[in-house]
Every structure is written in structure tokens, then in C-alpha cells.
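Chain letters run A, B, ... following the sequence lines, proteins first, then strands; residues in each count from 1.
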There are 2 protein chains.
Amino acid sequence: MTPNLDQTFTALSDATRRAIVARLAQGETTLSDIACPFDMSLTAVSKHVRVLSDAGLVNVVKRGRTRYCQLQAGPMKDAVSWLNHYQEFWEDRFAALSHHLEKDEHE
Amino acid sequence: MTPNLDQTFTALSDATRRAIVARLAQGETTLSDIACPFDMSLTAVSKHVRVLSDAGLVNVVKRGRTRYCQLQAGPMKDAVSWLNHYQEFWEDRFAALSHHLEKDEHE
DNA sequence: TTTTTATTAAACCGAATGGTTGACTAACGA
DNA sequence: TCGTTAGTCAACCATTCGGTTTAATAAAAA
């Protein structure tokens, strides 16, 4: 259950699952409600939610016969954190270049 | 070849590929050199680099018989950008809560 | 020219993925 | 109590994935 980058990135690599995340950002809701807009079976959506839940991105709470899902963005923080190590490589080409040059100097 | 979030997150969902990215952040290098530390065939590593390249995260340039690979972090920017939409959900629980309340008000 | 080196291509394999359907369970409403 | 609703489970299917091995290509080195 300890979420890792593999699971986080895998969970977010599917457009349906990203849409579910986007939906949950608007507020907690039920599985059926999540499933509504999708042209696929409830079972399929349920599996997607399971993937998100296994990745620690969604918390599912059962109340009665209904499952309420809420966004748990914690693991995204780690993902961003990993990505930001490479920030210089997209933000500032000169910075990246100088980084390379520095490295080259002491190699 | 237009990289999308699906490809970006998929590419980054594998630990080997993330290690390749980390390696390339230290500077451009060859496929063989990338493959060295991994306990798998060159073919396997070549495939991983191909996935990264298809995702637009790595640029491969052939010089002679050697392929030089360099990091192209551009697509990561879009990934971070997508993730940052959910920043409030991990950074500040009160902010997230107030966000929900606001939404609830005009629904 | 011959051999080595760097790499891709092709075929294959087992496991995982994203989807389906049908049967089941459990809770709510009439 | 009975039917409906919310959701899971299990089995199945086609495709993708991560790896292998063997063969092919093309450039550099001897």
C-alpha cells in the first residue's frame, strides 16, 4: 500500500483515470457517479478506481451500499518532486548547458 | 510524434526508464553506455530508450554507428503542469476544503 | 579486406492491461 | 417481503509490455 513512483505514474498514464482524478477534484462522489460520463461498464470504471486507489491517489469509503471516492493527491507530490529534478532541462536552456559544462569540467 | 500525457506518464512509469532519464541528466551519452549498469540485454535497453524517444523525452542522434542520446525534458513540463492543478489537494488541506465549499455553494 | 563494434529487427514468451459479460452480494425503498 | 440499486468477483479476450535470443546492418578498426 506504500505508494511508489511506478504506481503513481502508471495510474496517471491513462486518460480515463486522469479524468476520474479531475472529477474528484471537484469533490467527493460515488463510483456510479464517476462512471456516468464514460462509455464503458461500471466494472471497468471500478477497476480504474482500484488502480488509483492502489496507487494511493484515491480513497474509497463504503457507506451503505455506496462507495464514496475522494482524491488523495499526496503521491502526486512525490511525482512532481521527481520531475522537478529535471526542471532546469526544460526551463532554461542556458542553465542546462552550464550544468553540462560544470559536469564536464570535473570529469 | 506529438508527445501527450499518456506517453509521458507511461514512459516515466518504469524504474529503468527513470534511471535512464537520471543518467542523461548528467549529460549526453551513447546507448551502450546507458545500457552498462543494467542487468539486461542491450536490446531491452534500446527498447526503453525507444519508448522515451517516442514520448519525446529523449533525442537520439546517430553519428557513425553510435547513437547519442540526450534528455529532452519538454514533455515533463506538461506533466508537472497537469499535476499542479491538484497542488492544493496535497499542499494545504484547508485550501482544498475551502475549494470544495466554494464549489458546493454555486452548485 | 576482414573483423569487431554499435545497434536494430524479428520472432518469441509470459505477465500485465483494459475491456467485456454474467453471476453474485448486500443494502435500500416500496 | 420483494424488487431495485450499488458494487464486486470471476472468467474470459485481445493487446501491450518487458524481457529474451538470434540474425542482420552498417560503420570503425586492424
To the nearest Å, how far apart are B:K47 NZ and C:dT8 C1'?
11 Å
Go through residues 60-71 of chain B and report each residue with a non-hydrogen atom lying under 4.0 Å from DNA chain D, sorted by number.
B:G64, B:R65
Is A:L42 touching bases, backbone alone, or none of the nucleic acid, heavy atoms closer than 4.0 Å?
base
Atom-pair distance (CG on B:D14; C1' on D:dT16), nearest Å
14 Å
Whole-Å distance separating the CZ atom of A:F38 from the P atom of C:dG19:
10 Å
Without decimals, in angstroms, what is the distance between A:L12 CG and C:dT17 P?
14 Å
When rounded to whole Å, the CG to P distance for the pair A:D6 and C:dT17 reads 11 Å
Can you tell me how far P of C:dG18 sits from CG of A:D54, to the nearest Å?
12 Å
Members of residues 15-23 of chain B that approach DNA chain C, where some heavy atom sits under 4.0 Å away:
none
Indicate whether OP1 or OP2 belonging to C:dT20 is found under 4.0 Å from a side-chain N or O atom of A:S41.
yes
Please determine, for the side chain of A:A44, which listed nucleotide (C:dT20, D:dC9, C:dG18) has the closest atom?
C:dT20
B:A35: what forms a side chain to side chain contact (heavy atoms under 4.5 Å, CB included) with it, not counting sequence neighbours?
B:L42, B:V45
Rounded to whole Å, how long is the line connecting atom NE2 of B:H48 with atom P of D:dT16?
18 Å
Check ion pair B:R63-B:E28 (N to O, under 4.0 angstrom)
yes
To the nearest Å, give me how far apart CZ (B:R50) and P (D:dC17) are.
13 Å
On a heavy-atom basis, the closest approach of B:A55 and B:P75 is O-CG, 3.5 Å
When A:L12, A:L24, A:V49 are each screened for side-chain contact (heavy atoms from CB on, under 4.5 Å) with A:L57, the one that passes is A:L12
